[in-house]
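First up is the structure itself, then whatever we jot down about it.
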Amino acid sequence: MRAIVHEGKNGFEGLKVQEVEKPKLGDKDVIVKVHTAGMNRRDVAVVTKRHKAEDPALIPGSDAAGVIEAVGESVTKFHTGEEVVVNPGLGWQEKSDAPPKGFEIVGLPDHGTFGEYYKCTEDHVEKKPSHLNFEEAGVLPLAALTAYRALITRGQLKAGETVMLPGIGSGVLTFALKFAKAKGARVIVTSRSDEKLEEARALGADRAINTNSNWTEELSDESVDLLIESIGEATFEKSLHIIRKGGTIVTFGATTNDEVKINIREFFYGQYNLLGSTMGSAEEFREMLSFVEEHKIKPQLDRLFKLEEYREAFEYLQDTKNFGKIGFKIEG
């Protein structure tokens with residue numbers, strides 16, 4: 001089968017499309033013929049920071065949607081021909097305060113989804129939401145699950161509350177915008193790009209301001225209940241100063257420096273809540289799929305690439321050119 005493989009060199013120079021052996025079916029496995037494989041910033045990090053030239057060859061990728069081509073003898077949940085999405089989480093079945101020991105994400109350390117076929121156990125696929133086509137479903141899993149846990153499980157967002165999403169444009173935050181509006185919340189977004197601010201308004205954002213502006217002045221008439229922080233050092237202090245007393249920040253990433261400074265006296269006098277979040281469990285994955293289907297939510301699909309366009313795709317995401325999700329169209 002054809003797949004994007006990383007080996008032999010660090011960074012993007014180690015990427016290539018080549019023929020690799022099709023995965024072999026185990027007793028409890030399913031083999032998915034991949035139609036579309038979504039791409040995430042994690043894939044860029046895997047290739048540029050985590051998977052090294054001396055490591056065994058790796059097929060990256062955490063997201064996919066396709067059709068089950070084969071099932072092992074002990075498989076009971078699925079049959080051939082069913083349309084499914086891949087759960088990108090491994091070893092985290094039930095909702096919990098934090099991932100259990102041994103939790104991993106598809107695409108490292110084991111092979112991922114950027115190939116014509118993907119193998120996993122039956123517990124790591126779910127039926128594709130009926131209102132989504134393969135292109136939409138293929139870019140859904142990791143980003144939508146991350147947004148769902150951060151916003152709803154951890155953030156406990158309620159109708160009528162105001163949520164702020166600094167740095168709108170990523171797959172996770174475009175899902176968070178759509179999920180928040182479906183929950184009946186008001187949404188404030190920021191971006192350095194006027195174009196992305198306009199696109200966010202078109203998706204339902206109630207207010208949109210420049211990330212580099214003075215948030216306290218711009219939003220002096222607002223009370224922010226919940227803020228989803230994914231930028232890190234560049235915006236964290238501004239985020240802490242904009243939420244209401246007793247408000248909550250949920251952080252799931254840091255596209256700038258990981259280390260931030262907090263005035264701890266100001267923090268405890270403000271009675272603020274700071275929560276970490278990482279993707280989500282299989283239970284939350286099913287909850288998210290039900291939520292998406294109930295509200296007929298579709299991913300904000302920016303662009304799909306061919307496998308041979310892997311270099312362009314990785315650079316496109318690294319340079320944050322996307323508004324919403326990108327991925328690889330592999331079949332059809």
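Keep in mind that this is a model prediction, so the values were computed, not measured.
With K119 contributing its side chain and G26 its backbone, the two residues share no donor-acceptor pair below 3.5 Å. No donor-acceptor pair under 3.5 Å is formed between the side chain of K33 and the backbone N or O of G66. Looking only at distances, a side-chain donor or acceptor of T256 sits under 3.5 Å from a matching main-chain atom of E233. Checked by atom type and distance alone, the side chain of E229 pairs as donor or acceptor with a backbone atom of G232 at under 3.5 Å. The backbone N or O of I297 lies less than 3.5 Å from a partner atom in the side chain of H131, making a donor-acceptor pair. Looking only at distances, no side-chain donor or acceptor of E69 sits under 3.5 Å from a matching main-chain atom of V32. Within the 3.5 Å criterion, the main-chain N or O of D63 finds a donor-acceptor partner in the side chain of T113. Between the side chain of T248 and the backbone N or O of L226 there is no donor-acceptor pair closer than 3.5 Å. Side-chain atoms of S170 come within 3.5 Å of backbone N or O of L173 as a donor-acceptor pair. A donor-acceptor pair is defined here as one N or O able to donate and one able to accept, closer than 3.5 Å; such a pair exists between the side chain of T190 and the backbone of G167.
Applying the ring-ring contact (aromatic ring centres under 6.0 Å, His included) rule to pairs touching residues 179-212 yields F175-F179, F179-F291, sequence neighbours excluded. Applying the ring-ring contact (aromatic ring centres under 6.0 Å, His included) definition to pairs two or more places apart or across chains, none involves residues 242-265. For residues 80-103, the set of pairs meeting the salt bridge (charged side-chain N to carboxylate O under 4.0 Å, His left out) definition, not counting sequence neighbours, comprises E82-K127, E83-K128, K95-E287. Counting only residues at least two apart or on different chains, the side-chain hydrogen bond (donor to acceptor under 3.5 Å, both in side chains) pairs with a member in residues 132-146 are E135-K329. Residue pairs satisfying the side-chain hydrogen bond (donor to acceptor under 3.5 Å, both in side chains) criterion with at least one member in residues 46-61, sequence neighbours excluded, are listed as follows: H6-H51.
By the rule that hydrophobic residues join a cluster once side-chain heavy atoms approach within less than 4.5 Å of another member, I243 and M164 end up as members of one cluster. In terms of hydrophobic clustering, with Ile, Leu, Val, Met, Phe, Trp and Tyr side chains grouped at heavy-atom distances under 4.5 Å, M39 and V46 are assigned to different clusters. No single ILVMFWY cluster, assembled from side-chain heavy atoms under 4.5 Å apart, contains both L304 and F134. In the hydrophobic clustering of this structure, V187 does not group with I249; members are Ile, Leu, Val, Met, Phe, Trp, Tyr whose side-chain heavy atoms approach within less than 4.5 Å, directly or through other members. Criterion: ILVMFWY side-chain heavy atoms under 4.5 Å apart, direct or through other members. Under it, V5 and V47 are part of a common hydrophobic cluster.
At least one side-chain heavy atom of K178 sits under 4.5 Å from a side-chain heavy atom of L203. Contact of the P141 side chain with the V86 side chain is not registered, since no non-hydrogen atoms from C-beta on lie closer than 4.5 Å. The closest side-chain heavy-atom distance from I68 to H79 is not below 4.5 Å. L58 is not listed as a side-chain neighbour of E7, based on a closest heavy-atom distance of 4.5 Å or more. Looking at K245 and Y272, their side chains come closer than 4.5 Å, going by heavy atoms from C-beta outward. Proximity of C120 to V30: side-chain heavy atoms (C-beta onward) are separated by under 4.5 Å at one or more points.
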Verify side-chain contact (heavy atoms from CB on, under 4.5 Å) between R244 and D225, making sure each step is shown before the conclusion. CA-CA 6 Å; R244 65 169 175 81; D225 301 292; 2.7 Å; yes
Check the pair V172 / S230 against side-chain contact (heavy atoms from CB on, under 4.5 Å), numbers first and verdict last. CA-CA 9 Å; V172 176; S230 61; over 6 Å; no
Test side-chain contact (heavy atoms from CB on, under 4.5 Å) on L289 and L140; report intermediate values, then the result. CA-CA 9 Å; L289 293 176; L140 177 79; 3.5 Å; yes
Walk me through whether K325 and N40 qualify under side-chain hydrogen bond (donor to acceptor under 3.5 Å, both in side chains). CA-CA 8 Å; K325 291 294 300 179; N40 299 281; 2.6 Å; yes
Does I105 form a side-chain contact (heavy atoms from CB on, under 4.5 Å) with L142? I'd like the steps, not just the answer. CA-CA 9 Å; I105 298 175; L142 189 148; 4.0 Å; yes
Quick one, K77 with E122, criterion salt bridge (Lys or Arg N to Asp or Glu O under 4.0 Å). Give me CA distance, side-chain angles, the key distance, then yes/no. CA-CA 7 Å; K77 295 181 181 178; E122 64 178 337; 5.7 Å; no
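Nearest heavy atoms, I59 versus G115: CG2-N, 4.4 Å. Smallest separation of non-hydrogen atoms from V71 and L25: O-CD2, 3.4 Å. Shortest non-hydrogen contact noted between R192 and T211 is N-OG1, 3.5 Å. Heavy atoms only, all atoms of each residue included: D29 and K24 are closest at OD2-O, 4.3 Å. Residue F103 comes nearest to M279 through the heavy atom pair CZ-CE, 3.8 Å, listed as atom of the first residue, atom of the second, then distance. Here the closest non-hydrogen pair linking T80 and A70 is CG2-CA, 3.9 Å.
Atom CG of L151 sits about 10.0 Å away from atom OG of S277, to the nearest 0.5 Å. A distance of 11.0 Å separates NE2 of H111 from OH of Y118, quoted to the nearest 0.5 Å. Rounded to the nearest 0.5 angstrom, T121 OG1 and H124 NE2 are separated by 5.0 Å. One distance of note links CG of L145 with OH of Y148; it measures 10.0 Å at 0.5 Å rounding. Distance check, rounded to the nearest 0.5 Å: NZ of K16 to NZ of K9 gives 9.0 Å. In this structure, the separation between OG1 on T153 and CD on E284 is 3.5 Å, given to the nearest 0.5 Å.
F314 and F114 have perpendicular rings, their planes meeting at more than 60° on a 0 to 90° scale where under 30° would count as parallel.
Other residues, nucleotides and ligands contribute more than 12 heavy atoms inside 6.0 Å of the CZ atom of R201. Counting heavy atoms of neighbouring residues, nucleotides and ligands inside a 6.0 Å radius, atom OH of Y269 does not exceed 12 of them. Taking a 6.0 Å sphere around CD of E237, one finds it holds 12 or fewer heavy atoms contributed by other residues, nucleotides or ligands. Annotation for E19: atom CD counts as buried by contact number, over 12 foreign heavy atoms lying within 6.0 Å.
In this structure, the ring of Y316 has its center less than 6.0 angstrom from the ring center of F305.
With sequence neighbours left out, R186 forms a side-chain contact (heavy atoms from CB on, under 4.5 Å) with T162, D206, R207, E222.
Only one option out of K306, R303, K321 pairs with E312 in a salt bridge (charged side-chain N to carboxylate O under 4.0 Å, His left out); it is R303.
For K196 and F323, the positive end is not near the middle of the six-membered ring at less than 6.0 Å and at most 45° from its axis.
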